[in-house]
Amino acid sequence: MKKTLSTAFLAMLLTSASAHTKADTLVVATTPAMHCANCENKIKKNIRFVKGTKKIETSLPNKTVTIIYDGRHATYENYVAAFKKIGFEIKRAK
């Protein structure tokens, strides 16, 4: 019985691990440039609603936004539109 449960548990872990897809990462610079905590908060509060967004990190010193997302549900164009709604334009950072 123990061996059966262990095997079933291991199979479940392997299945769930393979079900996760590698997340896509997008690093963008904004225009106008993000320059304060209010800009960071505005971006984080609004961009998180783009379907597929997993994580948003901002960097004031670098003036960049890093978005980790599921590419099956979101595209670069979705983020362009979302940033435009809150008054920013974006371009991929180098």
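These figures come from a predicted structure and were not determined experimentally. Just so you know, these numbers use all the heavy atoms, side chains as well, and skip hydrogens, waters and symmetry mates.
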Legend entry - Spacing of I47 atom CD1 and K42 atom NZ [to the nearest 0.5 Å]: 10.0 Å
Inset, instruction - Spell out, yes or no, whether I86 and I90 are grouped together once hydrophobic residues are joined by side-chain heavy atoms under 4.5 Å, including indirect joins. - result: yes
Inset, instruction - Walk me through it: do T53 and Y79 pass the test side chain to side chain donor-acceptor pair (under 3.5 Å)? - result: CA-CA 10 Å; T53 302; Y79 290 104; 2.6 Å; yes
Inset, instruction - Ignoring hydrogens and angles, state whether a donor on the side chain of T31 or E89 is under 3.5 Å from an acceptor on the partner side chain. - result: no
Inset, instruction - Search all heavy atoms of M34 against all heavy atoms of S59 and return the closest pair with its distance. - result: CE-O, 3.6 Å
Legend entry - Neighbour count >12 (heavy atoms, 6.0 Å) for atom NZ, K44: yes
Inset, instruction - Would you indicate whether the side-chain heavy atoms of T66 and I56 approach each other to under 4.5 Å? - result: no
Inset, instruction - May I ask you to decide whether K55 forms a salt bridge with E57, counting only side-chain N to carboxylate O separations under 4.0 Å? - result: yes
Inset, instruction - Determine whether more than 12 heavy atoms belonging to other residues, nucleotides or ligands lie under 6.0 Å from atom NE2 of H35. - result: no
Inset, instruction - Taking the side chain as every heavy atom from C-beta outward, state whether K51 and Y69 have any atom pair closer than 4.5 Å. - result: no
Legend entry - Over all atoms of both residues, closest heavy-atom pair of C36 and L60: N-CD2, 3.5 Å
Legend entry - Backbone N/O of D70 and side chain of D24: donor-acceptor pair under 3.5 Å: no
Legend entry - Minimum side-chain heavy-atom gap F83-V65 below 4.5 Å: yes
Legend entry - Distance, nearest 0.5 Å, that separates NZ of K54 from OG1 of T25: 10.0 Å
